[in-house]
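Notes for the one structure printed next.
Residue numbers begin at 1 in each chain, while the letters A, B, ... track the order of the sequences. Here the structure is a predicted model, which is why all the values come from computation and not from measurement.
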There are 2 protein chains.
Amino acid sequence: MIYSSELIKGTLKTIVLKLLADNKKMYGYEITQRVKELTLDKIQITEGALYPTLHALEDDGLVTTETEYIGKRVRKYYSLSPSGKTKTKEKVSELADFMETMKFLLDIKTKTV
Amino acid sequence: MIYSSELIKGTLKTIVLKLLADNKKMYGYEITQRVKELTLDKIQITEGALYPTLHALEDDGLVTTETEYIGKRVRKYYSLSPSGKTKTKEKVSELADFMETMKFLLDIKTKTV
DNA sequence: CAAAGATACATCAGATTCTTATGTATTTGA
DNA sequence: TCAAATACATAAGAATCTGATGTATCTTTG
């Protein structure tokens with residue numbers, strides 16, 4: 001089972017930031033594979049979604065990049081900037097809070113008539 | 001604190017369906033108020049988001065509607081259709097599953113180097 | 001060793017879905 | 001009486017994802 005794409009919307013940025021917080025530096029393709037692994041294929045980030053997101057994080061100054069060559073093939077590593085670290089904490093705790101709220105919403109059985 | 005709007009994306013439809021599953025019938029404005037109450041103002045559904053969603057649910061045959069007059073003012077009640085009930089269960093359990101996965105993702109500290 | 005698949009980047013048209021504003025109209029409360 | 005609340009709706013613009021396409025290198029396998 002793969003989660004419907006609408007669920008990924010809104011969480012992608014947070015997922016990426018969190019992965020970078022836990023791994024110092026990662027490159028795009030690695031991120032897609034790591035998420036796939038960690039979620040047992042239930043979340044598959046497409047490259048069309050990931051690269052624009054990474055570029056946006058860079059434009060916002062939340063990540064810095066360094067290019068590395070593996071043979072002739074280029075790899076672009078992303079790392080959190082100081083403001084990125086702060087932002088990550090905010091986003092992660094907001095999402096955690098949101099999930100608590102959603103859990104509550106989804107469990108309510110009380111028919112308030 | 002109000003959750004950043006991106007978080008709501010992708011969950012709105014599920015929230016609406018779940019509320020309808022628990023309350024037999026509700027009208028649009030009521031839904032916005034109920035969600036606001038239940039989430040202590042942390043989720044505020046705008047009308048511009050809600051009405052198109054309700055119309056989409058109707059077009060998909062997941063809800064049926066009945067119009068009622070309160071004085072001269074119209075109220076449009078929404079109820080789950082049989083397929084809507086099935087869909088709700090699917091969506092809710094998918095979201096619950098997704099949240100488990102996200103919780104796992106957000107907690108990982110293991111730096112796989 | 002050729003071909004397929006994996007690795008690795010990127011862009012873009014189109015689709016979806018939300019925000020914000022606007023519009024109409026009635027009812028309620030200070 | 002007049003602002004706020006109730007109650008519907010639409011629509012331009014923004015944001016963000018899908019799916020396709022493009023380029024190029026490296027690895028594996030029959």
Donor on one side chain, acceptor on other, [X] and [Y], under 3.5 Å:
X	Y	answer
Gln44(A)	Thr32(A)	no
Thr65(B)	Glu58(B)	yes
Tyr3(A)	Thr101(B)	yes

* Which residues within residues 48-68 of chain A lie with some heavy atom under 4.0 Å of an atom in DNA chain D? -> Gly48(A), Ala49(A), Thr53(A)

Can you check the [X] [atom1] to [N] [atom2] distance for me, whole Å?
X	N	atom1	atom2	result
Ile8(B)	dT20(C)	CD1	P	12 Å
Leu7(A)	dT17(C)	CG	P	12 Å
Glu47(A)	dC17(D)	CD	P	15 Å
Arg75(B)	dA5(D)	CZ	C1'	13 Å
Lys9(A)	dA14(D)	NZ	C1'	13 Å
Lys72(A)	dA24(D)	NZ	P	12 Å
Ile31(B)	dC8(D)	CD1	C1'	13 Å
Lys76(A)	dA10(C)	NZ	C1'	9 Å

* Asked: Taking N and O atoms by type only, does the side chain of Arg73(B) place a donor or acceptor under 3.5 Å from a partner on the base of dT6(D)?
  -> yes

* Asked: So does Tyr29(B) get a side-chain nitrogen or oxygen closer than 4.0 Å to the phosphate oxygens (OP1/OP2) of dC8(D)?
  -> no

* **Residues that, via side-chain heavy atoms closer than 4.5 angstrom, fall in one hydrophobic cluster with Val74(A)** => Tyr69(A)

* **Partners meeting side chain to side chain donor-acceptor pair (under 3.5 Å) with Asp41(A) (sequence neighbours left out)** => none

